[in-house]
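Notes follow the structure.
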Amino acid sequence: MVVKCESRVSGKVMVVKRIKKMPSVSGDASDEDEAGADQGFPVRYLREACLLRACNHPNVMKLEFVTYHEGQIELFSEFVGLNVEDYISSLSDEYFTRNKQKHEWVLQLGRYFMKQVLKGIDYCHSIGILLRDVKPRNFLISSDGTLKLTGFVLARFSLLPEEPLTQQVVTLSYRAPEIILGGTYPVYTAPVDIWSAGCTFAEMITGRTLFEGDSEIGQLLKIFKLLGTPSDCNKSFCFEVPSYIELLPQWQPQSLSERLEGLCDEGVDLLSRMLLYHPCSRITARDALKHPYFQGDHSLMKT
Amino acid sequence: RAGSEEQQPDVVLGPSPGKKARTECEESGVQVDCITLQEEQIIQDYYLEGVFSLSNKLKLPANVETTAITFYKRFYLYCSAMDYHPKDIMFTVLWVACKVEHYPSRYINAQKVVLNENSREFSFDAPAFADHGNIPIEHLLRLEQVLLQVLKYHLMVHHPFRPLRGFLEMWTKRSDSMKLA
């Protein structure tokens with residue numbers, strides 16, 4: 001349950017995420033073998049609180065404090081009203097296609113927000129947090145136009161591909177191909193967040209989800225249809241890929257600039273670097289911030 | 001609903017046992033012989049050794065052990081050994097450290113921890129942990145609550161192992177590629 005509240009002491013408006021601890025459900029709610037005993041503070045929320053507490057950056061949601069009393073956990077964080085998903089859906093089609101001036105506006109905003117997304121991701125990666133759930137819904141826009149990252153439920157403190165991680169991360173539409181192809185316990189690390197950020201970027205420009213698959217294989221087909229089926233799979237990915245990939249139709253890569261109408265060449269170049277198949281050759285958040293697309297003065301206060 | 005500012009553990013959980021005794025004594029006007037700072041240091045150090053030996057006995061990995069020690073030290077920066085008995089805190093810090101470092105990783109071993117001495121196996125959960133530490137389960141969970149409040153949820157401990165490991169990994173990779181070239 002999420003409630004908005006105002007502090008009596010500081011007058012700050014905050015959001016409270018209130019979690020009622022179920023007596024039988026422990027750490028991860030999906031585990032049935034652990035049910036029964038009281039496990040104290042649930043591990044998943046402990047992890048979320050721990051990671052959010054470790055972050056201190058203007059583009060990352062600030063967790064003010066946590067209370068835990070009589071099986072009820074309350075996470076107090078600053079109040080930010082709008083998320084990017086709502087922002088995109090609030091714009092009509094007109095903004096994305098017909099009206100040139102309005103589209104220009106969308107493009108500028110896209111660049112403005114994307115820069116902040118990458119700043120936030122870069123910060124998280126630099127302190128060793130893997131977000132694993134980057135999507136428009138988890139980006140909040142505050143009233144002064146600052147974008148903040150949230151959604152640390154799936155995040156994890158580890159960037160080294162030291163142990164197999166679970167496949168069930170990242171909303172399907174934003175899931176990187178190495179997670180889909182990696183089998184039950186794929187090995188992946190920071191570049192998965194960049195892939196998701198790239199998908200978000202395209203969504204902010206076009207108003208539509210870039211790859212909208214209904215299943216894992218459908219998602220893969222959508223990706224290959226736009227970016228082309230990799231000819232030499234083991235070379236394109238850094239690991240063994242399942243053999244069924246050879247049975248998939250061979251598509252030629254399509255031009256991204258056609259898909260993202262109106263986006264300048266630098267923007268298309270950045271996006272194509274964010275959507276590379278090989279995780280190691282994918283651009284890092286830090287390099288992306290140095291990309292020519294973000295150079296120069298792009299403040300929104302021009303007019 | 002109006003929110004409240006960050007609550008001290010006292011507000012939420014009531015005064016600690018030590019504090020309760022202290023106020024009782026003050027009210028009744030009895031002079032109490034408290035332990036000195038040096039004595040407290042000795043007690044803390046003694047039980048700190050206990051954290052080491054316990055984690056060795058449970059075969060906990062180094063990152064859990066060191067996180068637990070950090071929690072222990074941080075905890076006694078705020079609280080006194082007279083407030084909370086270090087023996088109980090010893091188990092609590094290990095328990096919370098296991099949770100924070102997500103050990104045992106549920107994808108590798110099926111969260112079974114083998115005790116060496118009588119090769120007793122237990123699944124890693126609160127009752128088993130409390131049983132091993134010989135403290136009642138409610139006590140463990142209550143102390144967990146206290147510990148989290150006292151630490152103010154600053155649970156991330158940056159150990160030197162991780163960068164070291166990353167460095168070594170990079171190093172081996174580089175030497176491998178040099179060999180290939």
Side-chain angles (χ1 to χ4, degrees), chain A residues 3-10 12-16 18 26-28 30-31 33-44 46-55 63-71 73-76 127-129 156-166 184-185, chain B residues 1-7 9 11-14 63 67 92 95-96 98-103 105-108 110-111 123-131 137-138 140-149 151-159 161-170 173:
Chain A
V3 194
K4 181 181 170 186
C5 74
E6 194 185 331
S7 166
R8 274 191 196 161
V9 184
S10 59
K12 232 178 185 173
V13 181
M14 285 186 280
V15 168
V16 193
R18 193 180 287 169
S26 64
D28 286 11
S30 54
D31 275 49
D33 57 325
E34 260 186 69
D38 187 359
Q39 300 289 338
F41 202 103
V43 179
R44 66 193 301 180
L46 192 69
R47 197 185 295 171
E48 186 184 355
C50 163
L51 293 172
L52 276 172
R53 241 356 197 154
C55 291
L63 183 69
E64 304 279 346
F65 54 90
V66 186
T67 62
Y68 170 43
H69 186 48
E70 285 172 0
I73 299 151
E74 290 174 329
L75 305 173
F76 289 76
I127 61 170
I129 294 175
R156 195 185 153 96
F157 180 62
S158 149
L159 283 181
L160 290 175
E162 48 192 11
E163 53 192 75
L165 306 167
T166 172
T184 326
Y185 297 125
Chain B
R1 179 187 171 274
S4 42
E5 274 305 285
E6 183 143 15
Q7 285 150 320
V11 182
V12 189
L13 307 161
N63 58 344
T67 305
T92 319
W95 166 243
V96 178
C98 284
K99 276 183 161 184
V100 171
E101 299 284 333
H102 24 93
Y103 173 82
S105 175
R106 61 186 64 236
Y107 309 110
I108 293 173
Q111 13 172 222
S123 72
F124 207 81
D125 59 0
F129 204 86
D131 178 44
I137 171 111
E138 310 85 60
L140 178 74
L141 296 180
R142 212 189 93 87
L143 278 175
E144 179 190 37
Q145 208 170 330
V146 173
L147 180 72
L148 291 173
Q149 284 293 348
L151 297 179
K152 297 198 174 73
Y153 291 83
H154 283 294
L155 301 171
M156 184 83 99
V157 183
H158 294 275
H159 293 306
F161 314 124
R162 230 181 272 264
L164 182 68
R165 217 178 130 176
F167 170 72
L168 287 176
E169 210 148 281
M170 255 165 57
K173 245 181 218 163

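Proteins come first, then strands; the chains are lettered A, B, ... in the order of their sequence lines, and each starts at number 1.
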(Q) I'd like to know if the side chain of A/Arg47 and the backbone of B/Lys99 have a donor-acceptor N/O pair within less than 3.5 Å. (A) no
**Q.** Partner of B/Leu148 under side chain to side chain contact (heavy atoms under 4.5 Å, CB included), chosen from A/Thr67, A/Leu46, A/Ile73
**A.** A/Leu46
Q: Can you sort out the partners of B/His154 under ring pair (Phe, Tyr, Trp, His ring centres under 6.0 Å), two or more places apart, ordered by chain and number?
A: none
Q.
Let me confirm one number: the CG-OH distance from B/Leu147 to A/Tyr68, rounded to the nearest 0.5 Å.
A. 12.0 Å
Q) What closest approach, in Å, do A/Leu51 and B/Met156 show between heavy atoms, and which atom pair accounts for it? A) CD2-CE, 3.4 Å
(Q) Could you work out, with side chain to side chain contact (heavy atoms under 4.5 Å, CB included) as the rule, every residue matching A/Val15, not counting sequence neighbours? (A) A/Val2, A/Ser77, A/Phe79
